[in-house]
Amino acid sequence: MKMITAIVHKKDAGNVCSVLSQNGFEFTKLATTGGFLKTGNTTLLIGTDDEKVEEAVTLIRQNCAKRTEPVAPIDAGASVPLINPFPAEVIVGGAIVFVTDVAYYEKM
Ligand code: 2BA
């Protein structure tokens with residue numbers, strides 16, 4: 001068994017959740033915050049059989065878009081705004097996906 005941790009843009013989360021459910025995947029949806037932009041995104045925890053991982057990743061890929069997002073003019077480590085901040089934009093997504101082995105699973 002594997003655990004897929006997928007970080008998706010909140011605008012894509014609804015569609016991704018719908019297609020995962022329609023295709024029989026069970027998952028948990030978490031409201032999360034990106035460490036860099038400090039804006040909301042959605043993290044999905046999807047526990048599934050090894051042979052279903054590729055299908056789940058394909059569904060996520062098909063329903064997540066790349067987007068350009070502005071970077072707030074505040075340095076991550078600074079307490080005051082920067083006067084001349086660069087870069088002004090970053091590309092976010094489609095999705096960040098991690099696949100890990102599950103050592104033990106039990107539904108009680
Ligand atoms: P954020 O941390 O808010 O990052 C948003 C986007 O900002 C990233 O998009 C990337 O293009 C850029 N970015 C992030 N850190 C940067 C840095 N130190 N310098 C310059 N640009 C930077 P994505 O790579 O698509 O990531 C989207 C979200 O996925 C991230 O939101 C974060 O919540 C998560 N994420 C990405 N990589 C991760 C990782 N290795 N581990 C855990 N979470 C990750």
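In each ligand, atom 1 is the first atom listed, and ligand 1 is the first ligand listed.
To the nearest 0.5 Å, atoms CD1 (Ile7) and OG1 (Thr42) are separated by 10.5 Å. The NZ atom of Lys2 sits 14.5 Å away from the CD1 atom of Ile46 when rounded to the nearest 0.5 Å.
Remark: side-chain polar atoms of Thr100 are paired, donor with acceptor, to backbone N or O of Met3 under 3.5 angstrom.
Close contacts of ligand 1 with Gly35, meaning ligand atoms under 4.0 Å from a residue heavy atom, involve 1 (P), 2 (O), 3 (O). For ligand 1, the atoms sitting less than 4.0 Å from at least one non-hydrogen atom of Phe98 are 39 (C), 40 (N), 41 (N), 42 (C), numbered in the order shown with element in parentheses. Close approach to Ile91 involves these atoms of ligand 1, each under 4.0 Å from a residue heavy atom: 9 (O), 10 (C), 11 (O). Listed by number with element, the atoms of ligand 1 under 4.0 angstrom from any heavy atom of Asn41 are 28 (C), 31 (O), 33 (O). Taking every non-hydrogen atom of Gly34 and a distance limit under 4.0 Å, the qualifying atoms of ligand 1 come out as 1 (P), 2 (O), 3 (O), 31 (O), 33 (O).
The N/O atoms of Val90, backbone and side chain alike, include none that comes under 3.5 Å of an N/O atom in ligand 1. Note: no N/O pair closer than 3.5 Å links Val92 and ligand 1 by distance alone.
Residues Ile4 and Val97 have side chains in contact (heavy-atom distance under 4.5 Å, counting atoms from C-beta outward). Between Phe36 and Val71 there is a side-chain heavy-atom pair separated by less than 4.5 Å.
With a 4.0 Å heavy-atom cut-off, ligand 1 is reached by the backbone of Leu37 and by its side chain too.
Thr32 is linked by a side-chain hydrogen bond (donor to acceptor under 3.5 Å, both in side chains) to Asn41, Thr43, counting only residues two or more places apart in sequence or in another chain.
Of the candidates Ile96, Val97, Thr5, it is Ile96 that places a heavy atom closest to atom 38 (C) of ligand 1.
Among Thr58, Val8, Asp12, Val16, the one residue that satisfies the side chain to side chain contact (heavy atoms under 4.5 Å, CB included) test with Asn63 is Val16.
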